[in-house]
Amino acid sequence: MVARALLGKVLVHGGRSGRIVETEAYVGAHDLACHAARGRTARTSILWGPPGRAYVYFVYGMHWCFNAVTGREGHPAAVLVRGLEALEGFDGPVRLDGPARLCRALGITGAQNGADLAASAVRILDAPAVRGRDVARGPRIGVDYAEEWAETPLRFWVRGSPGVSRGRPSRRRGQADSIR
DNA sequence: CTATTGATGGTC
DNA sequence: ACCATCAATAGG
């Protein structure tokens with residue numbers, strides 16, 4: 001799965017870069033947590049386009065979130081990047097845990113929506129994969145409304161990384177479910 | 001540590 | 001009305 005494979009890769013924008021340490025997969029129009037589940041609209045049309053482009057959306061009146069479109073044309077699926085570890089271009093310490101924080105820190109906004117991730121100012125660079133035993137997975141964050149999809153373990157993160165967000169999947173209790 | 005709330009605005 | 005959020009605050 002692409003969300004798992006993106007862990008360890010490098011997101012770059014505006015001269016700043018970070019190693020991807022937390023992702024969530026949104027797998028299609030049938031996934032009730034996916035923005036595409038409510039049909040093709042002006043906002044979500046990029047999701048139906050070709051893979052390898054940025055889907056950047058605005059939430060809660062103040063935050064941008066960055067996704068990479070992963071589904072082939074006509075198949076809306078994407079991976080939300082939720083956490084990074086700082087690599088280059090930052091002036092002092094930065095927090096990159098959380099999808100909106102990382103966008104703010106890298107200067108990603110709606111201006112990058114639709115950008116080609118292989119040939120524009122926003123890029124994802126290849127890098128060594130994260131070892132299986134360092135990867136954990138669990139339910140996605142903030143999607144309680146998505147019925148059975150709320151508990152589907154489509155969130156992936158690098159165990160122990162400071163770039164992993166602290167948001168819990170609020171429905172269930174207990175610790176982060178984990179392990180590969 | 002958990003829980004709650006205000007900020008702030010596009011989308012449908 | 002509803003959010004794929006964050007920061008600040010209050011309470012145990």
Side-chain angles (χ1 to χ4, degrees), chain A residues 1-7 11 13 18 20-49 51 53-71 75-86 90 92-115 117 122 124 136-158 161-177:
Chain A
M1 170 168 292
V2 179
R4 161 70 184 81
L6 280 179
L7 294 178
L11 178 62
H13 182 253
I20 297 172
V21 295
E22 183 182 1
T23 59
E24 284 178 356
Y26 289 84
V27 299
H30 59 293
D31 172 2
L32 298 183
C34 184
H35 288 172
R38 304 215 272 269
R40 183 171 187 157
T41 65
R43 178 210 196 191
T44 62
S45 64
I46 186 70
L47 288 171
W48 269 266
R53 303 227 283 229
Y55 167 53
V56 184
Y57 67 91
F58 188 63
V59 265
Y60 297 119
M62 55 184 99
H63 299 304
W64 295 99
C65 294
F66 170 87
N67 297 245
V69 176
T70 58
H75 294 257
V79 172
L80 171 67
V81 176
R82 292 191 54 91
L84 302 175
E85 285 175 7
F90 299 101
V94 212
R95 287 187 61 182
L96 299 173
D97 55 315
R101 256 198 295 264
L102 96 242
C103 281
R104 184 169 44 105
L106 266 63
I108 294 172
T109 69
Q112 279 70 50
N113 192 38
L117 297 176
V122 211
I124 293 180
R137 73 184 292 180
R140 294 171 292 184
I141 306 294
V143 296
D144 280 358
Y145 60 86
E147 299 172 27
E148 73 271 22
W149 288 93
E151 300 186 17
T152 309
L154 291 174
R155 173 176 175 239
F156 298 82
W157 68 94
V158 176
S161 169
V164 174
S165 69
R166 299 204 242 306
R168 303 164 310 155
S170 48
R171 179 176 290 275
R172 316 273 244 329
R173 40 193 316 88
Q175 295 295 349
D177 324 17

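Worth saying up front: this structure is predicted, and the values here are computed from it rather than measured.
Using modelled atom types, one side-chain atom of Asn113(A) and one backbone atom of Val56(A) make a donor-acceptor pair closer than 3.5 Å. Distance alone, capped at 3.5 Å, is enough to place a donor-acceptor pair between the Thr109(A) side chain and the Ala111(A) backbone. Without hydrogens or angle criteria, His35(A) side chain to Thr44(A) main chain gives no donor-acceptor distance under 3.5 Å.
Arg38(A) has no side-chain polar atom (N or O) that falls below the 4.0 Å cut-off from OP1 or OP2 of dC2(C). Distances shorter than 4.0 Å separate some side-chain N or O of Thr41(A) from OP1 or OP2 on dC12(B).
Closest heavy-atom contact between Cys34(A) and Gly28(A): CB-O, 3.5 Å. Here the closest heavy-atom approach between residue Ser165(A) and residue Arg82(A) is recorded as OG-NH2, 3.2 Å. Across Ile46(A) and Arg53(A), no two heavy atoms sit closer than the pair CD1-NE, 3.7 Å. Between Val81(A) and Leu102(A), the closest heavy-atom pair is O-CD1, 3.4 Å. The minimum heavy-atom distance linking Arg155(A) with Val164(A) is given by the pair NH2-CG1, 3.7 Å.
Rounded to an integer number of Å, the gap from Glu24(A) CD to dT5(C) P is 8 Å. Atom CG of Asp97(A) and atom P of dA4(C) are 19 Å apart (whole Å). A straight line from CD of Glu22(A) to P of dA4(C) spans 16 Å, rounded to a whole angstrom. For the pair Tyr145(A) OH and dA1(C) C1', the computed distance is 14 Å after rounding to whole Å. Put simply, CZ on Arg140(A) is 17 Å from C1' on dT5(C), counting in whole angstrom units. The CG atom of Asp144(A) sits 11 Å away from the P atom of dT5(C) (whole-angstrom rounding). We find that CZ of Arg95(A) is positioned 13 Å from C1' of dA8(C), with the value rounded to whole Å. Between Ile141(A) atom CD1 and dT5(C) atom P there is a gap of 8 Å when expressed in whole angstrom units.
For Asp31(A), the side chain to side chain donor-acceptor pair (under 3.5 Å) partners at least two apart in sequence or on another chain are Arg140(A). In this structure, Arg104(A) has no side chain to side chain donor-acceptor pair (under 3.5 Å) partners at least two apart in sequence or on a different chain.
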(request) For DNA chain B, produce a single dot-bracket line, 5' to 3'. Pairs: Watson-Crick or G-U wobble, both distances under 3.5 Å. Symbols: ( ) within strand, [ ] crossing, | other strand, . unpaired. (result) |||||||.|||.

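Using cut-offs of 30° and 60° on the angle between ring planes, the pair Phe58(A) and Trp64(A) is tilted.
Proximity of residues 57-70 of chain A to DNA chain B (heavy atom under 4.0 angstrom from any strand atom) is restricted to Phe58(A), Tyr60(A), Gly61(A), Met62(A).
For residues 36-48 of chain A, the set of pairs meeting the salt bridge (Lys or Arg N to Asp or Glu O under 4.0 Å) definition, not counting sequence neighbours, is empty.
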Could I get a table of every N or O pair under 3.5 Å where one atom is in the protein and the other is in nucleotides 9-12 of chain C?
none

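As judged by a 4.0 angstrom heavy-atom cut-off over every strand, Ser165(A) is placed among residues making no nucleic acid contact.
Among the nucleotides dA4(C), dC6(C), dC12(B), the one closest to any side-chain atom of Ala100(A) is dC6(C).
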